[in-house]
Structures are given as structure tokens and as C-alpha cells.
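Below is one structure; the comments refer to it alone.
To find a chain, count down the sequence lines: A is the first, B the second, and so on, and within it residues start at 1.
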Number of protein chains: 2
Amino acid sequence: MPSLFRVGGDWAFLFYFDKMEEGNFNPLDLRRFVREVFESAGIPPADAELASDVLAYSDEHGIDSHGVARLDTYYDLLCAGRINKDPKIRLERGKASVATMDGDNGLGLVVGPKCNQVAMEKAEEFGSGWVSVSNTNHYGAAGYYPVKALERELIGLSMTNTSKGVVPFNGREKKLGTNPLAVAFPGKEELPLIIDMASSTVAYGKVEIADRQGKNVPMGWCIDANGTATVDPLAMINGGALLPLGSDENGSGHKGYCLAAMVDVLSAVLSGANWGPFAVPFAIKTGQAENRQVGKGIGHFFGAWDISGFQDPDVFKESVDAWIREMRGTLPLPGAVEVLVPGDPEHRAFEYRSIHGIPLDARVVAALVRISRLAGVSMPMRVS
Amino acid sequence: MPSLFRVGGDWAFLFYFDKMEEGNFNPLDLRRFVREVFESAGIPPADAELASDVLAYSDEHGIDSHGVARLDTYYDLLCAGRINKDPKIRLERGKASVATMDGDNGLGLVVGPKCNQVAMEKAEEFGSGWVSVSNTNHYGAAGYYPVKALERELIGLSMTNTSKGVVPFNGREKKLGTNPLAVAFPGKEELPLIIDMASSTVAYGKVEIADRQGKNVPMGWCIDANGTATVDPLAMINGGALLPLGSDENGSGHKGYCLAAMVDVLSAVLSGANWGPFAVPFAIKTGQAENRQVGKGIGHFFGAWDISGFQDPDVFKESVDAWIREMRGTLPLPGAVEVLVPGDPEHRAFEYRSIHGIPLDARVVAALVRISRLAGVSMPMRVS
């Protein structure tokens, strides 16, 4: 799977060039492993099943950074008592098609799907449904949620705030997360359009990879601790920051800042979660982002629209097919192989991995071996 | 008003450096002029009032390209019979909080506010409201619509597709418009956050200005007719194209493409309007974008959320105030004056223009003189 194009799934193929292949794993058995690990950490079986489905979406669709590569962090946070194993997710306020929910500090991989479910049920009843969620944690890949909505003839949308790593436009201090947004539209014969993108120019992981490889990063990804644009990944890692999508004034970096603001307000300000620099980090070693807390946990925002409330769903899907084919038919830039549509990288990864299994690199496998021992769960099988 | 920062209002300050000042005009009398011109072209008085309010929003908030600077185009399209003067806007389909409407080929400046109104009424009844609109025309600045929603304690959102000018990521043919999206959030003591941004790196007008000034544009704004990145504005104008936000692979140009796709599908594919390259151009001289039509007119998408369905509105507004102050308090980049928040440029322009009037350049004034004679409407007054 070459990294030709990265529309959707910011982290798709992230580790591709950085990988010491440790063999490909059986997708179903990887799901079993994740489920059993969560159960061993005290998550009720139905919730463990849900959480494993969220992580499997990433691994099966090529979003390597958001799947089992993060299982050790979830596991360590659970074992340290930092995440509530059996949250009582609560409706805080609501009105017909909208609601605010409190995730009771549960796993984002459990709180997310359950609150997304509420948004979808509202959409089925009222034509659209919207849920802003506080007191939650990292929810996996943003694209998982709108893709779930497609099963019910809904257009889905999800956003989440994340811990700080990105500067406001013209600023030199990290105040916002990479705050992704995702939306998906169904085709009839074509696979769905899946839009899943961070509002920063790139994810932090790409800077880390360049550092490990001793390579420079392109100008426009980040600044150093003094606020100077830099191509040195280490200068970013040591006190620098990521830039919003658009990077600088010439590239309209204020627009990435606008997107990050929108995601932060809808996910965290509206729900009563920690917004901006106060968002709780997803890591065992760090404490809070700031001494001060301005709300509960981090925040998500889920939405769904009932297609049949707008148009005959078959007509809509046929039009989406025509849109996809029109865009794919675009003459490519000199040197570019082809024009893709949002979701193509995920669908291609899925097709490849369904047959060949899920490739995991040496670092991820080592982390799984450690968890396997701690949790007393047998390692997932490799494909032959 | 220096062009320090252009968050929101892509076209704010657009003509600032390009202006041969022809004096500043009285805002109220400019509204009167626009209203009378529309009435003289056969628009019913209440609709002419509505249309003048939309254009005035742009002029009063510094979005110079979307106000009276475009009045001649609207006027000529009306006189040529290309726009329906008295449209019967029709509900096509709906379900509680969502609906599709047909704008009957009316002025976007009339269809837009009326359909936005339907979305707002649904939000008041059902907690949120969503309207996808076909068979409409250019609707002015996207930011006008969510700002209207603030008057009713709603969070508003608007999008529209526009005629082709932007390539899909990795493509060399124009297939999408600059497809803007806008959303606004109220503060309590602070003025509202207003996000109003095209999904391309820049608007076409910025390339035109560079050409008239004999200047190069930054790399990343556009390509020439062969698909090669260029700094020559004329090379873009003569058969080239604009690039999506993010520009190229290094800048994550696939993300701007994703945003343009989202706007196009929600506004035009969902409503049954012309999507992608088929969107009808907003100009008297050109015909259709393509010989083929795939729907009716262009499309808009309006949404609103009732804040009180999520949270106590006062608590929410206080949190937005805190968010605004936290971001404004960010240490600026070396050389940058300050960190602003989305909407600040609009609010500053409004404050300045409320006192000093609305500056119009020689080309715009010449166009207004022509319309004044054709329509038999007296020219707007200058401020003394």
C-alpha cells in the first residue's frame, strides 16, 4: 500500500515507511485480543466488544496510529485507575433532536459509540440528532462514528477536542489540539465518501517519524520553541508546536485555526468539558494539561441526518456515485498517478488487509507482548 | 484598517491595498440605495429589504467583495431575466428538524434568508434545524446567516457551493467551487466568534489583485493551465486553477478538498442542485459551467442549534468569553502584533465603518453610478 494520497485518515499509512514488519495479524483474532485485554482490565464484556470494534476500524482501514498501536495507553490508564471501567453515561440536558451527555470518565471507545447511538436514534425520530459529550476520553478514529451512521441510512458526523499541540494562528503557544472532524456519505454502487481529518497541517506522529529517520519535515508543519518556522523535527518536539491547517499567512493558516475553534467549541465548550489548552492529555506519564481545569474530561460532538428527510435515499446515493466518478475522472497533475476521493485510502487498506492481514511494526508488537503477559491474554495470531 | 489578520471573511480587506479611494459612503443610505435598486428591478419591497440587509452585512463588516461591489452583477442578471424576481420558495420534502427546499431560481439574497429562517424555526421547535436548498443563486457572505441565528440564542451554520474554480487534490481540472462554510457562537460580554472561510487556500479575487498590481502570488495558491504550481497570477487566470486549502501534499491539500466535498454534497447533492463542475456561474457573460445540468441552480445548506437544548445559554456564553480571552492571551509569533479570534476582523471593520462610513473604490463607485442611471435611483450619500 503506497502512500500516494492521504485524503481522510490523517494517520493512514503513518508508520508505513517507518516499519520493521513483524508480520501480519489476523483481523478477527486481533479483535478477540483487544476485547479480552479490555475485559481483563475490568471493562464489562459488552463494552469491551464495543471498544474493540472502534480500534479494529482503524487497524482494518489503515489508520495505524489509532488502532492497537494505542492499546497499551488505554490499558495503562485503566490499570492506573485514571479511567472509569464501568461508567454510568448520563443525559444532562436535552430537547428533541439535541442533548448534552456526561461520559462519567469512561473509555472514549465506549462513551463515543453510546453517545453516537443517541445521536443516530434522535435522527431517526426527528430527522437529525446532535449530542455534545463531556467527561470523556480519547475516542479512537473520528471516522468510525459517521461510518456507523451509514448502516442506518444516515449521514453521520463526529468531532472531538484533543490535548494541546497546535498554536492559534499568529501565536507561539500551544492552545488547541489537532481537533479532528469526520463526516461520511453513502454511495449506491460506490463505497462511501469518508472525510476524516485533523484541523492541523499534520499529526504529531509524522514529526516523530521524521525525527527517527533523521529527516527534515517540510516548512509549514511546525515552529520551534521560539516561534520560528522550522524544518527540524527535533526543534518542534523540544518545546515547539504544530501549525494549523494552512500553516502561515500565505497558506491561510487562520482557516485551520477556525476549524480547530469550531471543533473545540462544539465538543468541549458546549458540553462543559475542558477546552483549548485545558484538555486532558491522553498519556499515562503526563498529568493535566494545565493546573487549572475548566470542565470535565475532554469533549466529543456527534451528529446524524436522516437522508430520507431530505431526499429519496436511492436518488441521493446515485448522485453521490456520480459525484465520485466525476472527481475520479479528473485529469491528474503532472507526476500524480490519479485523483482519488475521500475514503479511497481507507477502502484500499481494508481490501488489502482483509486478505493479507494487519501489518504491525516491531514497537507495536512489543507493546502487545507486554500487555499479553500482564493481562494473561494470548497473543493474536499471525496470518500464514 | 491594516490587513494584519484575515481570520473569517476571506475577502475582508480584499481591496484595501488596491483601492483608489472614492470617499466613504453612509451605511444607512447605501442600504437605501441597494433596496431601491432591487425594487426598480422588480423585486417585491420586503424581499428587496432582505437582500439589502445581506449585502450591507458584508459592506459593514469589511467583506468588500461580497457587498455592493457585486450589486451590478445581481442587477444585470435580474434585468436579463436570468433570476426569478418573485420566487415561490417551496418545501420539497421534510421530517421534523430537516427539510429540502426549492428556491424557484430566486435571488440567493432572498432565498438564503428565507430558508435560513426555516432552519432557525425548526431549531426553536426541535432543538436543531437543517435545510438543504436547490434552485438558488449566489447568497452573499456565508457569515451573514449564522450571525442572524445569534439574535435568537441559536448557534448557526451555513454553506454554499459555488461555480468551479478549484481543483480536486492531485487534479489539474477545476471541478469544485471555493465552497465556503460559516458558523457563529455568541459570547456574553465579548462579541461573537464568527468563522467564515472558503475551502480553497484563497479567493480568486486575491489572484486578480496581484495581477493588477504586477505582483507574484505565494507558491501554493494556484496552478497554471498545465497543472504546474505557479507564482504568476496571469498564469492562473489564463486557464489555471486555485488549489484547495493546504495547497499541496506537504501542506495537506487533501484536507481542503475534503472540506469542499463536504460543502458540495450537503448543499448541492443532497438538495438536488448542480454540484461540482456543473454549478451555475454567478456572472452575466458566461453561460452554464458545462453543457450538462445535473440539478437545479446552485445549492445552500443552513443549520441551527438551540443552545438551551445543550446548556444554560448564559453559562455557554461565559465559557465562550473565557475561550476568547484565553486565545487572545496567547504570546504572538515573533513579528506578529497579536493573536486574534475568528470574527475580530469583522468586528473591527464594523466599528470603524460605523463611524467613518464605507469606503468604496473607483471601480465600484463607477458601477453604482451606472446602475443609479439605469434604475433611476439616486446615488448613496457620502459621509462628510
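For the set I223(B), V320(B), L176(B), the entry with the most heavy-atom pairs within less than 4.5 Å of chain A is L176(B). When each of S132(B), G246(B), S308(B) is scored by its heavy-atom pairs under 4.5 Å with chain A, the top score falls to S308(B). Here L333(A) is the residue among L333(A), T100(A), V131(A) with the most heavy-atom pairs under 4.5 Å with chain B. Among L245(B), V294(B), L181(B), the residue with the largest count of heavy-atom pairs under 4.5 Å with chain A is L245(B). When each of G256(B), G253(B), P168(B) is scored by its heavy-atom pairs under 4.5 Å with chain A, the top score falls to P168(B). Among G127(B), G227(B), G129(B), the residue with the largest count of heavy-atom pairs under 4.5 Å with chain A is G127(B). Contact tally against chain A (heavy-atom pairs below 4.5 Å) for S97(B), P218(B), G94(B): the top residue is S97(B). Ranked by heavy-atom pairs shorter than 4.5 Å toward chain B, the options P332(A), S319(A), A336(A) are led by P332(A).
The side-chain heavy atoms of V341(A) and Y257(B), taken from C-beta on, include a pair separated by under 4.5 Å. Residues V98(B) and D306(A) are not in side-chain contact: their nearest non-hydrogen atoms beyond the backbone lie 4.5 Å or more apart.
What you find for L331(A) and E173(B) is that their closest heavy atoms are N-OE1, 2.7 Å. Between L270(B) and Q311(A) the shortest heavy-atom distance is O-NE2, 2.8 Å. Shown here for F169(A) and V339(B), the closest heavy-atom pair between the two residues is O-CG1, 3.9 Å. Taking every heavy atom of both residues into account, A261(B) and I195(A) meet most closely at CB-CD1, 4.2 Å. When all heavy atoms of N250(A) and T201(B) are compared, the pair lying nearest together is O-CG2, 4.1 Å. Across all their heavy atoms, K255(A) and A198(B) have their closest contact at NZ-O, 3.2 Å.
For the pair K175(A) (side chain) and E326(B) (backbone), a donor-acceptor distance under 3.5 Å is present. With hydrogens and angles ignored, the 3.5 Å screen pairs no side-chain donor or acceptor of S252(B) with any backbone N or O of V202(A).
Residue contact with chain B, scored on non-hydrogen atoms closer than 4.5 Å, involves the side chain of D264(A) exclusively. If you measure heavy-atom distances from F310(A) to chain B, the contacts under 4.5 Å come from both the backbone and the side chain. Residue W130(B) touches chain A through both its backbone and its side chain, counting heavy-atom pairs closer than 4.5 Å. Only the side chain of W275(A) comes within contact range of chain B, with heavy atoms under 4.5 Å apart. With a 4.5 Å cut-off on non-hydrogen atoms, V217(B) does not touch chain A at all. Contact annotation for L243(A): neither backbone nor side-chain heavy atoms come within less than 4.5 Å of a heavy atom of chain B. For E125(A), the part lying under 4.5 angstrom from a heavy atom of chain B is the backbone only. Both the backbone and the side chain of V269(A) come within contact range of chain B, with heavy atoms under 4.5 Å apart. Of the atoms belonging to W323(A), heavy atoms from both backbone and side chain fall under 4.5 Å from chain B. With a threshold of 4.5 angstrom between heavy atoms, A99(A) approaches chain B through N, CA, C or O but not through any side-chain atom. Residue A96(B) touches chain A through both its backbone and its side chain, counting heavy-atom pairs closer than 4.5 Å. For chain B, the nearby part of A123(A) is the backbone; its heavy atoms alone come within less than 4.5 Å. Looking at S271(A), the atoms closer than 4.5 Å to chain B (heavy atoms on both sides) all sit in the backbone: N, CA, C or O.
Ring orientation note: the planes of F126(A) and F126(B) are tilted relative to one another, at an angle of 30° to 60°.
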Step-by-step side-chain contact (heavy atoms from CB on, under 4.5 Å) determination, H254(B) to L340(A): CA-CA 10 Å; H254(B) 62 281; L340(A) 301 184; over 6 Å; no
What do the steps show when you test L259(A) against L259(B) for side-chain contact (heavy atoms from CB on, under 4.5 Å), and what is the final call? CA-CA 10 Å; L259(A) 292 175; L259(B) 292 175; 3.6 Å; yes
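Of the N and O atoms on the side chains of S128(B) and S128(A), at least one donor lies less than 3.5 Å from an acceptor on the other residue.
Taken from CZ in R172(B) to OG1 in T330(A), the straight-line distance is 11.5 Å, to the nearest 0.5 Å.
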